[in-house]
There are 2 protein chains.
Amino acid sequence: MSQNKRAELIRKALLLFYRNGFHATGMDLVAKETGVSKTSIYKHFRTKDELILAVLRLRDESFRNWLFRRMEELADTPQGQLLAMFDALEEWFLEDGFQGCMFIKASAEFQDPNDAINAQAYAHKRMLVDHFEALATQAKADDPHALARQLLLLKEGAIVIAAMSHTKDAAREAKSVANHLLAN
Amino acid sequence: MSQNKRAELIRKALLLFYRNGFHATGMDLVAKETGVSKTSIYKHFRTKDELILAVLRLRDESFRNWLFRRMEELADTPQGQLLAMFDALEEWFLEDGFQGCMFIKASAEFQDPNDAINAQAYAHKRMLVDHFEALATQAKADDPHALARQLLLLKEGAIVIAAMSHTKDAAREAKSVANHLLAN
DNA sequence: CCAGAGGTGAACAGATCGGTAAATGTTGAG
DNA sequence: CTCAACATTTACCGATCTGTTCACCTCTGG
């Protein structure tokens with residue numbers, strides 16, 4: 001299987017898992033929707049869990065790339081970027097097919113802390129907060145670590161409520177709280 | 001089946017769904033762990049989804065009762081109660097078997113907005129925010145509605161991060177943000 | 001032309017899924 | 001004691017689950 005085909009397989013599997021959930025999406029459906037036979041899939045991924053891990057790696061990379069780039073496009077100071085994150089989130093909430101955070105859902109469906117999927121989901125959040133902390137440091141925040149963690153809480157809360165309420169309002173609400181935090 | 005037995009069935013099913021997830025918990029396991037035969041279960045709940053709805057009703061009632069009572073015990077002003085919510089959350093995060101919010105997980109596993117389970121999960125959040133808004137009004141907040149929504153974001157973010165990180169830190173971090181909001 | 005690599009569909013394990021049928025307790029009221 | 005109403009056990013249904021096997025197809029390099 002070429003690198004392209006493999007990437008395409010992971011990309012399409014991502015959409016299926018994102019839309020239907022992990023347990024609720026069978027490998028027969030993955031094979032059918034990707035156009036790759038189950039035999040081939042299992043030649044490249046020993047188990048369903050390994051495919052899910054590959055999907056999460058793709059999601060981690062593409063989501064972080066998208067979010068960080070969008071933050072840079074929307075503002076040119078570190079402080080402005082942290083605030084602009086919530087504008088970027090609002091754009092995401094408005095997208096067709098927005099269904100919440102894939103990593104929160106992965107963590108919810110694979111709760112065992114020893115599970116590689118659970119660990120990888122939290123690793124994504126740690127990478128986000130690390131970036132926030134770097135920006136907070138550049139912005140000369142009093143306590144960059146604490147500020148980054150607080151912004152993470154706001155971001156996750158906004159995503160969860162946006163997904164559950166099927167509205168985008170949470171982005172603005174979270175942004176107004178972030179405004180308080182960054183004003184100091 | 002007596003009311004006691006029925007309540008006990010729902011209570012034990014709740015633990016199973018909470019610990020293992022909804023899709024990942026089969027009705028055979030529910031029957032085995034509750035000691036109630038599958039035949040009997042299906043005499044009282046037409047489908048698995050109906051059992052899940054009953055479980056969510058129990059969870060909604062008992063969680064709200066617990067949270068609101070704890071908030072009252074920890075503070076005697078409306079403003080203090082809203083802040084004390086995060087101390088109550090920290091207690092919850094420290095409990096053995098804490099696995100995040102059951103309603104977030106229900107919403108993640110049943111994403112269809114037309115699904116009764118999805119609707120009921122969000123209804124729980126609306127009831128919480130209504131209570132927050134009532135307290136915010138009593139506390140004479142400038143914009144009780146907005147404040148209640150912001151506190152909800154903080155609460156949900158804290159729960160998600162506490163569950164994913166397997167630590168309790170998020171409660172204090174959220175509380176310090178809430179402190180900013182309530183100081184105004 | 002041929003060997004080998006890699007792909008395919010289809011059938012197949014063996015387990016489990018949600019849900020049901022029928023026969024066998026068990027129990028309490030008259 | 002008797003009978004009706006209930007609960008239970010046991011087996012079963014068809015569908016689906018993850019994962020494998022197998023016979024076949026197709027392409028490529030030598």
Side-chain angles (χ1 to χ4, degrees), chain A residues 1-57 105-106 108-112 114-118 120, chain B residues 1-57 105-106 108-112 114-118 120:
Chain A
M1 184 183 291
S2 72
Q3 287 297 330
N4 278 349
K5 279 286 173 195
R6 185 190 163 96
E8 186 73 358
L9 162 63
I10 295 174
R11 209 182 56 82
K12 287 182 175 167
L14 190 154
L15 282 179
L16 289 172
F17 287 135
Y18 184 56
R19 286 207 267 256
N20 307 348
F22 296 97
H23 285 111
T25 303
M27 292 298 281
D28 286 307
L29 183 65
V30 173
K32 188 180 151 199
E33 292 293 315
T34 59
V36 180
S37 71
K38 213 161 46 146
T39 317
S40 273
I41 296 178
Y42 275 103
K43 209 155 265 170
H44 292 273
F45 302 95
R46 281 168 39 214
T47 62
K48 183 184 182 180
D49 280 15
E50 282 206 2
L51 174 60
I52 292 175
L53 285 171
V55 162
L56 291 184
R57 274 190 292 272
K105 296 200 278 197
E109 287 203 47
F110 302 88
Q111 307 193 56
D112 182 353
N114 300 321
D115 190 317
I117 294 173
N118 185 282
Q120 188 158 324
Chain B
M1 183 184 289
S2 71
Q3 286 298 331
N4 278 348
K5 279 286 174 196
R6 183 190 165 97
E8 186 73 359
L9 162 63
I10 296 174
R11 209 181 56 82
K12 287 183 176 167
L14 190 155
L15 283 178
L16 289 172
F17 288 135
Y18 184 56
R19 285 206 269 256
N20 306 347
F22 297 97
H23 285 111
T25 304
M27 292 299 281
D28 286 307
L29 183 64
V30 173
K32 189 180 151 200
E33 293 292 315
T34 59
V36 179
S37 72
K38 216 161 43 146
T39 314
S40 275
I41 296 177
Y42 275 104
K43 212 153 262 168
H44 292 272
F45 301 96
R46 282 169 36 217
T47 62
K48 183 185 183 181
D49 280 14
E50 282 207 3
L51 174 59
I52 293 175
L53 285 171
V55 162
L56 291 184
R57 274 190 291 272
K105 296 199 280 197
E109 288 202 48
F110 301 87
Q111 307 193 54
D112 182 353
N114 300 322
D115 190 318
I117 294 174
N118 184 284
Q120 188 158 325

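Computed from a prediction, not measured in an experiment: that's the story for all the values here. Proteins get letters first, then strands, A, B, ... in listed order; numbering begins at 1 in each.
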A.B. asks: Can you build the contact string for nucleotides 12-29 of chain D? Use B for base contact, S for sugar-phosphate-only contact, and - for no protein heavy atom under 4.0 Å.
C.D. replies: -----SBBBBB-------
A.B. asks: Quickly work out the A:Lys5 NZ to C:dA5 C1' distance and round it to whole Å.
C.D. replies: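 After rounding, the gap between these two atoms is 17 Å.
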A.B. asks: Give a yes or no on whether a salt bridge exists between A:Glu8 and A:Arg11, defined as a side-chain N under 4.0 angstrom from a carboxylate O.
C.D. replies: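 Yes, A:Glu8 and A:Arg11 are salt-bridged.
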A.B. asks: Using the test ring-ring contact (aromatic ring centres under 6.0 Å, His included), find all partners of A:Phe22 that sit at least two apart in sequence or belong to another chain.
C.D. replies: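 Scan of A:Phe22 (ring-ring contact (aromatic ring centres under 6.0 Å, His included), adjacent residues dropped) gives A:Phe17, A:Phe110.
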A.B. asks: Would you indicate, yes or no, if C:dG7 has its OP1 or OP2 atom less than 4.0 angstrom from a side-chain nitrogen or oxygen of A:Ser37?
C.D. replies: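 No, because none of the side-chain N or O atoms of A:Ser37 sits under 4.0 Å from OP1 or OP2 of C:dG7.
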A.B. asks: Only pairs at least two apart or in different chains count here, so list each salt bridge (charged side-chain N to carboxylate O under 4.0 Å, His left out) that has a residue in residues 36-49 of chain A.
C.D. replies: A:Asp28-A:Lys38, A:Arg46-A:Glu50
A.B. asks: Take the protein atom CD1 of B:Ile52 and the nucleotide atom P of C:dG18, then report the distance between them rounded to whole Å.
C.D. replies: 9 Å
A.B. asks: If I take atom NZ in residue A:Lys32 and atom P in nucleotide C:dA10, what distance separates them, rounded to the nearest angstrom?
C.D. replies: 13 Å
A.B. asks: Sequence neighbours left out, what pairs pass ring pair (Phe, Tyr, Trp, His ring centres under 6.0 Å) with at least one residue falling in residues 24-43 of chain A?
C.D. replies: none
A.B. asks: Nearest whole Å is fine: how far is C:dA22 C1' from B:Lys43 NZ?
C.D. replies: 11 Å
A.B. asks: In chain order, what residues pass the salt bridge (charged side-chain N to carboxylate O under 4.0 Å, His left out) check against A:Arg57, with sequence neighbours excluded?
C.D. replies: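 Scan of A:Arg57 (salt bridge (charged side-chain N to carboxylate O under 4.0 Å, His left out), adjacent residues dropped) gives none.
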A.B. asks: Taking atom P of C:dG19 as reference, at what distance in whole Å does atom NE2 of B:His44 sit?
C.D. replies: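 Going from B:His44 (NE2) to C:dG19 (P), I get 16 Å.
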A.B. asks: For B:Asn20 and C:dC17, give me the distance from atom CG to atom P, rounded to whole Å.
C.D. replies: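 Atom-to-atom, B:Asn20 to C:dC17, this comes out as 11 Å.
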A.B. asks: Write out all pairs satisfying side chain to side chain donor-acceptor pair (under 3.5 Å) with one or both partners inside residues 13-24 of chain B, taking only residues at least two apart or from two chains.
C.D. replies: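 Sorted result for residues 13-24 of chain B: B:His23-B:Glu109.
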